[in-house]
Number of protein chains: 2
Amino acid sequence: MPDVESVDPRTGEVRLVVGPETTAHEVHEICVRARAAHRTIRTLGRAWRAGLLRAMADVLESGRELVVTTADAETALGTDRLNGELTRTCFQLRMFADVVDDGGFLEVVIDHAGPTDMGPRPDLRRMLVPVGPTAVFGASNFPLAFSVPGGDTASALAAGNPVIVKAHESHPATALLCAALMTEAATAVGAPEGTIGIVFGRAAGAQLVQHPEISAVGFTGSPSGGRALMRLAEARPAPIPFYGELGSLNPVVVTAAAAAERAEEVGQGLAASFTLGVGQFCTKPGLAFVPSGPDGDVLVASAAAVIEAGQSRVMLNAQIGEAFQRQLASLKSCLGVREVAATPQRDADGRSARAHLLEVSSQDLIDSMFEECFGPVSMVVRYDDVADLLPVLARVPPSLTATLHTGSDEGAVDGALREVLEEAAGRIVYNGFPTGVAVSWAQHHGGAWPASNSLHTSVGATAVRRFLRPRAWQDAPTALLPVELRDEPCGIPRRVDGVVVPTPA
Amino acid sequence: MPDVESVDPRTGEVRLVVGPETTAHEVHEICVRARAAHRTIRTLGRAWRAGLLRAMADVLESGRELVVTTADAETALGTDRLNGELTRTCFQLRMFADVVDDGGFLEVVIDHAGPTDMGPRPDLRRMLVPVGPTAVFGASNFPLAFSVPGGDTASALAAGNPVIVKAHESHPATALLCAALMTEAATAVGAPEGTIGIVFGRAAGAQLVQHPEISAVGFTGSPSGGRALMRLAEARPAPIPFYGELGSLNPVVVTAAAAAERAEEVGQGLAASFTLGVGQFCTKPGLAFVPSGPDGDVLVASAAAVIEAGQSRVMLNAQIGEAFQRQLASLKSCLGVREVAATPQRDADGRSARAHLLEVSSQDLIDSMFEECFGPVSMVVRYDDVADLLPVLARVPPSLTATLHTGSDEGAVDGALREVLEEAAGRIVYNGFPTGVAVSWAQHHGGAWPASNSLHTSVGATAVRRFLRPRAWQDAPTALLPVELRDEPCGIPRRVDGVVVPTPA
């Protein structure tokens with residue numbers, strides 16, 4: 001098999017060889033072990049699973065220095081960002097432990113036997129159960145929070161499934177290290193072998209999606225990569241669910257009132273948001289609709305000033321850097337597109353990417369500008385009024401987020417404008433920027449294609465729903481029911497005979 | 001376009017021509033109207049939607065005689081069964097109205113802004129919103145409860161979506177009548193044009209799935225038909241969710257203890273269950289595992305006696321009847337398969353189908369017997385002991401249901417047996433039969449492929465989840481939030497700051 005190489009994006013040099021790519025036979029053995037682990041994990045209960053997630057967070061934090069150093073050497077994201085990302089990753093594992101303890105995610109419904117208008121009804125009890133061994137594809141841009149120890153892994157484990165991660169080519173050493181730390185934690189709490197697995201190489205990833213012992217797939221990446229894997233998942237003799245978090249433009253709309261009130265603040269915020277993480281965020285605002293006229297001019301000038309005072313920075317890997325340059329050149333060549341500002345070139349060898357602020361009038365906005373450009377660039381679209389804006393916004397493909405900056409008179413927001421933004425995005429951000437994605441109960445990180453292919457989130461408590469399926473028990477003897485479905489209260493919220501019964505205090 | 005003909009399965013003659021198949025242009029116009037209706041329905045609120053569903057139930061019931069007569073003439077299911085099915089259909093529409101009023105299906109989560117270990121968190125509020133115009137494919141075997149006014153339509157409408165039904169070829173007059181009655185009810189409560197649409201013809205069905213204004217598909221039918229439409233849904237420029245309720249064998253396992261205690265009762269129940277509706281139920285028990293030896297012999301003889309005393313009956317249409325005869329012949333030709341009993345032939349022209357009870361030993365059970373045979377046949381599989389049974393059960397494909405008949409010592413059920421049955425089915429039935437599918441909060445009607453391709457149910461309150469998607473609002477001004485997401489209680493259960501708050505009394 002070809003070697004898996006860890007490359008330093010700052011120099012382009014191979015740091016070390018992590019090992020050979022995973023063979024088809026090894027993939028098979030890993031999948032079989034995961035299926036066996038699934039049978040054991042089912043018997044271990046929710047409290048044990050919560051403990052597993054917390055143990056993983058603890059071990060990852062105890063390895064913080066090595067994890068962050070390793071990830072920085074492979075991603076050039078910097079130790080500040082990566083320390084923050086590790087904190088987020090551990091926070092996320094512990095939040096899913098809380099979700100497991102809470103038990104509401106099981107969606108327990110109990111209907112006692114009784115008469116209905118349709119005649120007697122049997123005793124029916126429903127809850128969600130783990131779907132089975134889950135394949136997770138790590139993302140290039142979050143070596144921790146959306147990779148081996150990331151949200152898909154945490155939510156699939158929380159749901160009760162073993163996880164096999166396909167390591168991203170861009171940070172294999174970090175992937176291997178995290179998998180080793182998580183395996184250490186799993187072993188310490190008595191998890192069966194096969195609870196966490198890892199494979200390297202694109203071929204191994206495809207084999208994973210096609211393997212009969214794999215029951216679901218979580219993916220974060222490009223629409224084209226996502227669609228290719230989705231097709232594999234669906235062409236199987238027994239198709240399985242595929243959850244892709246894909247591409248997103250994340251439009252930002254600044255109303256005339258907002259521009260009149262806070263042009264500088266919004267301009268500076270926009271520049272900070274689209275350059276965060278070298279623009280390598282799925283929530284990067286790639287399109288900003290700014291009114292024509294002097295207030296909008298001040299906004300654009302404020303954003304430009306931030307960009308010009310910034311630095312060019314190294315992207316995650318050479319391919320991503322090259323794709324960014326290609327797409328940027330294509331955007332800049334479009335009729336009516338003007339470059340407003342760019343960061344100065346930093347390094348002589350051209351390895352770092354400059355941030356670019358582009359501008360176009362709404363009349364000149366064409367559909368080819370609606371392809372996500374992964375990297376530090378944003379296109380300001382100048383518009384005359386809401387009537388001018390609405391048909392343009394209606395053409396923007398669905399996104400993970402849409403942002404609306406409004407004036408202080410909140411009631412004055414145009415209803416049609418709000419509606420077109422709401423329909424086109426999974427999360428509507430008011431008077432802020434989309435790049436922060438809080439990990440919480442209410443978070444939603446998804447949306448219609450190409451934002452995602454599913455009706456579920458990949459961030460936040462409800463992300464566990466992707467890796468669960470319902471099962472109902474009819475007239476089951478109490479002794480044969482899971483504890484969560486028995487009549488006696490078991491400390492979790494349930495719906496009993498149609499009425500929600502909260503967790504007992 | 002070719003004519004859409006209503007055929008009497010009892011005579012094979014064309015009763016009437018319902019009209020021409022729907023043209024591509026008409027499909028387009030229907031889809032565009034549905035999208036416009038979706039925009040209006042969003043503004044009408046939950047109470048209005050509940051009223052729409054109840055109005056539809058009322059109008060269908062007021063047309064009961066004509067609906068039942070029309071359906072009987074096209075399906076030969078008999079007026080008793082069809083009266084029951086209409087009652088179920090109306091009960092279902094009203095249950096979804098209750099679900100809409102309850103509001104728990106919105107899965108509202110409110111996280112107020114505040115500090116976290118990750119720094120300050122914004123205000124985040126999540127709820128489910130309607131996915132958009134939904135295509136529903138009616139089933140052959142339930143002209144009402146799983147067709148135009150059926151569960152997919154009711155749950156998609158409850159979720160807030162316009163519905164376009166593709167009428168099943170087997171009962172087009174019933175489909176047209178039901179659509180007219182539902183449109184009358186919709187108009188009476190002020191629903192926008194396009195709330196309910198109907199198309200005829202396979203080509204129109206495929207066009208529906210591919211149309212850009214369609215946002216989701218619900219389907220009940222064969223695995224092959226389902227897979228073909230699923231591929232169309234996923235090959236779209238913007239793939240959409242496809243929910244298929246497909247094939248199912250519904251294994252029944254009778255333990256030695258159960259056979260010893262209630263051989264006659266279980267045998268009679270099995271025969272009644274697999275011949276119900278001429279065996280044309282997705283929950284028909286197609287495989288029954290019965291112990292070898294005298295108790296099992298009594299069970300089989302009791303089932304045989306019921307079959308021999310029964311009547312042959314006309315199936316839904318000629319193609320279904322022919323397919324049944326082909327598959328039956330193929331099953332009977334397998335090595336070791338014995339015909340235990342069959343109903344006497346009723347009519348001279350061979351239009352009716354006889355019910356057949358077949359038997360095979362577990363050693364002779366081969367994988368070709370695992371294909372669902374739609375019609376009045378069940379295969380009894382005789383086994384020696386649980387050790388003999390487990391590897392055989394593990395080979396049975398996933399089903400909508402699995403049934404276990406146990407002895408009165410409930411604790412004595414083998415854990416491995418329970419586990420293999422639970423893993424392979426969406427609903428586990430104890431000491432009963434799978435053919436009744438109660439419409440209730442806890443029902444689950446789904447399962448792993450080929451039972452369904454999704455992790456959702458097509459019967460019961462949670463069926464609405466298929467036609468909803470999440471959306472989150474971040475730091476939204478109160479005036480711009482849906483009422484369900486505002487701080488003041490609004491009469492629905494919600495999760496606020498991580499804690500479930502039930503409906504106020």
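The chains referred to below are lettered A, B, ... by the order of the sequence lines, with proteins before strands, and numbering in each begins at 1.
Figure legend: R495(B) and W441(A) shown as a cation-pi pair, the cationic atom lying under 6.0 angstrom from the six-membered ring centre and within 45 degrees of its axis.
The most heavy-atom pairs under 4.5 Å with chain B, out of E419(A), R121(A), M230(A), come from E419(A). Of the listed residues (A479(A), A438(A), S440(A), G460(A)), the greatest number of heavy-atom pairs within a distance under 4.5 Å of chain B belongs to S440(A). For the options R465(B), R39(B), R125(B), heavy-atom pairs under 4.5 Å to chain A are most numerous at R465(B). For the set G119(A), G132(A), P434(A), P237(A), the count of heavy-atom pairs under 4.5 angstrom toward chain B peaks at P237(A). By number of non-hydrogen pairs under 4.5 angstrom with chain A, the leading residue of V500(B), T401(B), L480(B) is L480(B). Counting heavy-atom pairs closer than 4.5 Å to chain A, the top residue among P398(B), A216(B), A235(B), G426(B) is G426(B). The candidate with the highest count of non-hydrogen atom pairs below 4.5 Å against chain A, out of N453(B), T87(B), D102(B), is D102(B). Top candidate by heavy-atom pairs under 4.5 Å with chain B, chosen from N431(A), V109(A), V108(A), V99(A), is V109(A).
Both the backbone and the side chain of D117(A) come within less than 4.5 Å of a heavy atom in chain B. Interface residue R227(A): only side-chain heavy atoms are found under 4.5 Å from chain B. Interface remark: H112(A) contributes no atoms to any contact with chain B (heavy atom separation under 4.5 Å). Residue R88(B) touches chain A through both its backbone and its side chain, counting heavy-atom pairs closer than 4.5 Å. For a residue to count as touching a neighbouring chain, one of its non-hydrogen atoms must lie under 4.5 Å from one of that chain's; by this rule V131(A) touches chain B with the side chain only. Contact annotation for T462(A): only side-chain heavy atoms (C-beta onward) come within less than 4.5 Å of a heavy atom of chain B. Only the side chain of P493(A) has a heavy atom closer than 4.5 Å to any heavy atom of chain B. Neither the backbone nor the side chain of P397(A) has a heavy atom closer than 4.5 Å to any heavy atom of chain B. In this structure, the portion of P241(A) lying under 4.5 Å from any heavy atom of chain B is its side chain and not its backbone. Only the side chain of V413(A) has a heavy atom closer than 4.5 Å to any heavy atom of chain B. Residue contact with chain B, scored on non-hydrogen atoms closer than 4.5 Å, is absent for T406(A). There is no contact between M127(A) and chain B, counting heavy-atom distances below 4.5 Å.
Of all non-hydrogen atoms in G84(B) and M118(A), the two that sit nearest each other are O-CE, 4.3 Å. Counting all heavy atoms, side chain and backbone alike, L124(A) lies closest to A442(B) at O-CB, 3.4 Å. Considering all non-hydrogen atoms of both residues, A425(B) and R469(A) come closest at O-NH1, 4.2 Å. Residues L468(A) and L455(B) approach most closely at O-CD1, 3.3 Å, considering heavy atoms.
Taken from CG in L481(B) to CD1 in I428(A), the straight-line distance is 11.0 Å, to the nearest 0.5 Å. Between L404(B) atom CG and Q474(A) atom CD the span is 12.5 Å, to the nearest 0.5 Å. The CG atom of D475(A) sits 10.5 Å away from the OG1 atom of T403(B) when rounded to the nearest 0.5 Å.
Judged purely by distance below 3.5 Å, without hydrogens or angles, the side chains of Q443(B) and R126(A) never pair a donor atom with an acceptor atom.
With salt bridges taken as basic N to acidic carboxylate O contacts below 4.0 Å, one links E423(A) and R42(B). Using a cut-off of 4.0 Å between Lys/Arg side-chain N and Asp/Glu carboxylate O, R471(B) and E422(A) are scored as salt-bridged.
Side-chain atoms of P470(A) and H456(B), non-hydrogen and from C-beta on, never get closer than 4.5 Å to each other.
Side-chain atoms of W449(A) never come within 3.5 Å of backbone atoms of R236(B) as a donor-acceptor pair (strictly under, hydrogens ignored).
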Checklist entry - Stepwise, does the side chain to side chain contact (heavy atoms under 4.5 Å, CB included) test hold for E234(A) with R231(B)? => result CA-CA 8 Å; E234(A) 289 152 358; R231(B) 284 195 176 134; over 6 Å; no

